[in-house]
Amino acid sequence: MHGEYKVPGGKLVVVDLDVEDGALRNVRVSGDFFLEPDEAILSINAALEGAPSSTDAAGLAARITAALPESTVMFGLTAEGIGTAVRRALSHATEWSDYDWQLVHMGPQAPALHMALDEVITAEVAAGRRAPTLRVWEWASPSVVIGSFQSLRNEVDPEGAAKHGMTVVRRISGGGAMFVEPMSTITYSLSVPESLVSGLSFADSYAYLDDWVLGALGDMGIKAWYQPLNDIATEAGKIAGAAQKRVVGPGAVLHHVTIFYDIDADKMLEVLRIGKEKMSDKGTKSAKKRVDPLRRQTGLPREAVIGRMVDSFRARYGLTQSKVTDGELARAQELATPKFTALEWVARVP
């Protein structure tokens, strides 16, 4: 069995192993990490040898930590990362390079149709009728997109939303509210087979699926990192938030990210009801300081930022230009009206 895992902010860990009578055998850990002393790699392999194949990543990490010499120095490597690579091997996880990735970047669409497209495209990936897809959104109108479990009245000021022409929609994933203005927001979705994140915890899957965009931002001179559970941050502040939805039987994962290219903070505060609890959780005193737009940090036009992100993804994993099929679009349009524009859905948590 073979498993790979790139440690967030670190290096690639590769594990090859067999399972005999419910135990790990012939374990071989490798990768492009740095490790001192040399014999520590033998200690890692020995610590994993004979471990029950049911051991979770934390349990495997504990075995490794206990076996390492006191003088061990890891760079780009963690015991937890090795444990995760083992779990990915045991769960027969797939890798990014296993797929012919598709790019969908269509013209501006209504907020409700974007919600429906996410659901339809991810269902198509789950059914095996569509290859894993990166979809870049363009917005036809300003919007507030609330998470699946958020209270409408607690999150949105209806007078502020009406004043600024904001359409309010509810997405199928959890997480917090998105304040969207068409030329101030960069949004994308990844619709992927569940096997791509097999062996990863829910939290680890966020970091794993966000890693490529951290690299893209780095290429633009921005040092960014994943901030648990679902944010992307820089030294200047938060620049993006992610959300996920799991589709079961057969499985797929919808992972979508909203990046703040620019933002009208005063308008946002008139539309969103951002409470003191949320402010304290982020360690800030002002909602205006919670985000730091990409426009200021890069000095690039929005289209150029999107282009560089797409180029970075293509360089890493390959990317074929695609489009939403007529059938997918028809299903999304049929779904948008009865579901995503319906008060029963938008206000399902009043």
Side-chain angles (χ1 to χ4, degrees), residues 4-14 31-35 73-78 80-81 84-85 88 95-97 99 101 103 105 132-137 175 178 183-190 192 196-197 200 203-244 253 255-263 282-283 289-320:
E4 298 183 5
Y5 179 62
K6 184 179 181 300
V7 176
K11 298 292 185 176
L12 180 69
V13 182
V14 180
D32 59 355
F33 48 80
F34 300 92
L35 178 65
V73 176
M74 294 180 171
F75 186 72
L77 176 69
T78 64
E80 293 76 13
T84 298
R88 285 179 59 76
E95 306 298 333
W96 295 85
S97 58
Y99 299 105
W101 289 90
L103 171 66
H105 189 182
T133 298
L134 167 65
R135 183 171 74 90
V136 179
W137 303 22
M178 299 159 50
M183 299 311 295
S184 298
T185 306
I186 297 173
T187 307
Y188 68 85
S189 302
L190 285 170
V192 306
L196 185 65
V197 295
L200 300 179
D204 286 343
S205 71
Y206 274 84
Y208 186 70
L209 294 176
D210 282 340
D211 186 69
W212 74 274
V213 79
L214 299 184
L217 291 169
D219 292 340
M220 288 181 265
I222 298 174
K223 181 181 179 181
W225 59 86
Y226 163 71
Q227 183 170 294
L229 173 64
N230 62 332
D231 290 347
I232 296 174
T234 69
E235 293 178 351
K238 173 182 172 179
I239 60 169
Q244 283 188 9
V253 177
H255 179 91
H256 43 202
V257 175
T258 295
I259 301 175
F260 307 104
Y261 173 72
D262 201 357
I263 195 163
K282 300 299 181 182
K289 297 179 180 178
R290 289 188 60 224
V291 294
D292 192 77
L294 209 53
R295 179 180 181 179
R296 187 188 69 79
Q297 293 200 46
T298 64
L300 295 171
R302 176 179 176 274
E303 295 75 15
V305 173
I306 293 173
R308 292 198 183 189
M309 289 171 56
V310 168
D311 288 346
S312 181
F313 191 102
R314 183 179 288 113
R316 281 176 171 234
Y317 309 122
L319 196 59
T320 301

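Since this is a predicted model, take the numbers as computed values, not measurements.
- Without hydrogens or angle criteria, D262 side chain to S184 main chain gives no donor-acceptor distance under 3.5 Å.
- A side-chain donor-acceptor contact under 3.5 Å links R302 to the backbone of T185.
- Contact check for L294 versus L217: side-chain heavy atoms found under the 4.5 Å cut-off.
- The backbone N or O of R135 sits nowhere less than 3.5 Å from a side-chain atom of T133 that would complete a donor-acceptor pair.
- In this structure, the side chains of I259 and Y188 come closer than 4.5 Å at one or more pairs of heavy atoms.
- For the pair D211 and K6, the salt-bridge criterion is met [side-chain N within less than 4.0 Å of a carboxylate O].
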>> Please evaluate residues W212 and Y317 with respect to the criterion ring pair (Phe, Tyr, Trp, His ring centres under 6.0 Å), reporting the C-alpha separation (whole Å), side-chain torsions for both, the decisive distance (0.1 Å), and the verdict.
In response: CA-CA 9 Å; W212 74 274; Y317 309 122; 8.0 Å; no
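- Nearest heavy atoms, P132 versus V192: CB-CA, 4.5 Å.
- Residues F33 and M74 are not in side-chain contact: their nearest non-hydrogen atoms beyond the backbone lie 4.5 Å or more apart.
- One finds the OH atom of Y261 at 8.0 Å from the CE atom of M183 (value rounded to the nearest 0.5 Å).
- With contacts defined as side-chain heavy-atom distances shorter than 4.5 Å, the pair L196/Y208 qualifies.
- Counting heavy atoms from C-beta outward, R295 and F260 have side chains that stay 4.5 Å or more apart.
- Within the 3.5 Å criterion, the main-chain N or O of L12 finds a donor-acceptor partner in the side chain of D32.
- With contacts defined as side-chain heavy-atom distances shorter than 4.5 Å, the pair V213/V257 does not qualify.
- Nearest heavy-atom pair, A224 versus T234, reported as atom, atom and distance to 0.1 Å: CB-CG2, 4.0 Å.
- To the nearest 0.5 Å, atoms CD (E235) and CD (Q297) are separated by 9.5 Å.
- In this structure, T298 and R308 have side chains that are not in contact, with every pair of non-hydrogen atoms separated by 4.5 Å or more.
- Taking the side chain as every heavy atom from C-beta outward, M309 and M220 approach each other to under 4.5 Å.
- Heavy atoms only, all atoms of each residue included: P8 and A207 are closest at CG-CB, 3.9 Å.
- L229 contributes atom CG, which lies 10.0 Å from atom CG of D204 (distance to the nearest 0.5 angstrom).
- Here the closest non-hydrogen pair linking G318 and W101 is O-CB, 3.4 Å.
- A distance of 5.0 Å separates NE2 in H255 from CG in L209, rounded to the nearest 0.5 Å.
- Here the straight-line distance linking atom OH of Y226 with atom CD1 of I232 works out to 10.0 Å at 0.5 Å rounding.
- Salt bridge annotation for R314-D311: present, with a cationic side-chain nitrogen under 4.0 angstrom from a carboxylate oxygen.
- Annotation: the span from D210 atom CG to Q227 atom CD amounts to 12.0 Å, rounded to 0.5 Å.
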